[in-house]
Amino acid sequence: MDLMTLALPQEPAGGIAGWAADLVDTLGGPGAGLAIALENLFPPLPSEVILPLTGFAAGQGVISLFSALFWTTLGSVVGAAALYGIGVLFGRERMHTLWGKLPLVKASDLERTEAWFAKHGTKAVLLGRMVPIFRSLISVPAGVERMRLPVFLALTTLGSLIWNSVLVMAGYWLGDQWDAVETYVGLLSKAVLVLVVVAIAVYVVVRVRSRNQPRAGAEARHRRAG
């Protein structure tokens with residue numbers, strides 16, 4: 001059964017939806033897994049399109065629901081493992097070197113971040129797999145900090161299975177309205193992005209003020225002494 005001839009009137013044959021549909025239509029479940037593995041490596045590829053579309057395909061009998069969940073979760077783990085490997089190759093030494101070249105940051109900031117990750121890394125990896133934007137990014141610091149690979153893979157598998165199941169099942173139940181999932185997840189992604197931007201802005205403001213205060217105090221003491 002050809003997925004592209006079923007019920008995709010809103011989507012052109014091209015674009016991400018058409019590309020993902022072609023993969024599923026040609027390769028079945030492994031095609032969906034390949035699409036999600038690439039989504040992990042290239043976050044601009046949206047899981048909120050690929051996963052519901054895969055669920056829709058399962059609802060139409062193109063692939064089984066088990067196959068949809070199994071292969072998309074395997075693809076997520078493979079993509080995350082590749083990013084973990086990049087983190088391992090980059091390493092803590094390079095991270096500290098790069099960090100030292102950045103403005104408005106201190107070595108102690110990175111050390112506190114590392115300490116936090118050592119304490120809360122398991123929760124960060126598990127929950128991060130269910131947060132837009134951070135789904136892929138969380139694998140890199142896990143590699144940099146050399147989280148034990150079996151633990152990383154187990155947490156990534158569980159978190160990915162939960163996230164993938166929600167979006168695949170949404171596409172499965174919504175049928176030809178599967179693309180509505182993209183709207184809601186897109187709003188969540190934008191909210192997360194806004195929070196990140198605000199957090200970065202607050203951090204920069206605090207850093208600039210903390211640097212200016214000692215300088216202002218020194219100038220005031222100099223004037224009094226003069």
Quick one: closest heavy-atom pair of [X] and [Y], and the distance?
X      : Y      : result
Thr54  : Ala68  : CG2-CB, 3.6 Å
Gly143 : Val88  : O-CG2, 3.4 Å
Ala57  : Val24  : CB-CG1, 4.1 Å
Ser139 : Phe152 : OG-CZ, 3.6 Å
Thr72  : Val168 : OG1-CG2, 4.3 Å
Val125 : Leu155 : CG1-CB, 3.9 Å

Out of curiosity, does [Y] fall in the hydrophobic cluster containing [X] (side-chain heavy atoms, cut-off under 4.5 Å, transitive links)?
X      : Y      : value
Met147 : Val77  : yes
Leu89  : Leu41  : no
Leu83  : Ile138 : yes
Val151 : Val144 : yes

Distance from [X] atom [atom1] to [Y] atom [atom2], nearest 0.5 Å?
X      : Y      : atom1 : atom2 : result
Ile36  : Leu74  : CD1   : CG    : 11.5 Å
Ile162 : Thr157 : CD1   : OG1   : 11.0 Å
Phe117 : Thr122 : CZ    : OG1   : 8.5 Å
Met169 : Leu65  : CE    : CG    : 5.0 Å
Met130 : Asn164 : CE    : CG    : 11.0 Å

Original post:
Between Tyr84 (side chain) and Leu153 (backbone), is there a donor-acceptor pair under 3.5 Å?
Top reply: no
Original post:
Does the Arg129 side chain pair with the main chain of Leu161, one donor and one acceptor, at a distance under 3.5 Å?
Top reply: no
**OP:** Walk me through it: do Ser47 and Trp163 pass the test side chain to side chain contact (heavy atoms under 4.5 Å, CB included)?
**Re:** CA-CA 10 Å; Ser47 62; Trp163 173 263; 3.4 Å; yes
Original post:
Can you tell if the side chain of Trp19 reaches within under 4.5 Å of the side chain of Leu38, non-hydrogen atoms only?
Top reply: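 SC-SC contact between Trp19 and Leu38 confirmed.
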Original post:
With a 4.5 Å heavy-atom cut-off, do Ser165 and Leu69 have their side chains touching?
Top reply: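 Yes; the side chains approach each other to less than 4.5 Å.
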Subject >> Intermediate values then yes/no, side chain to side chain contact (heavy atoms under 4.5 Å, CB included), Arg135 and Glu39 >> reply: CA-CA 10 Å; Arg135 292 186 65 248; Glu39 177 266 334; 3.0 Å; yes
**OP:** Among Leu51, Leu53, Ile50, Val49, find the one that has a side-chain contact (heavy atoms from CB on, under 4.5 Å) with Leu167.
**Re:** Leu51
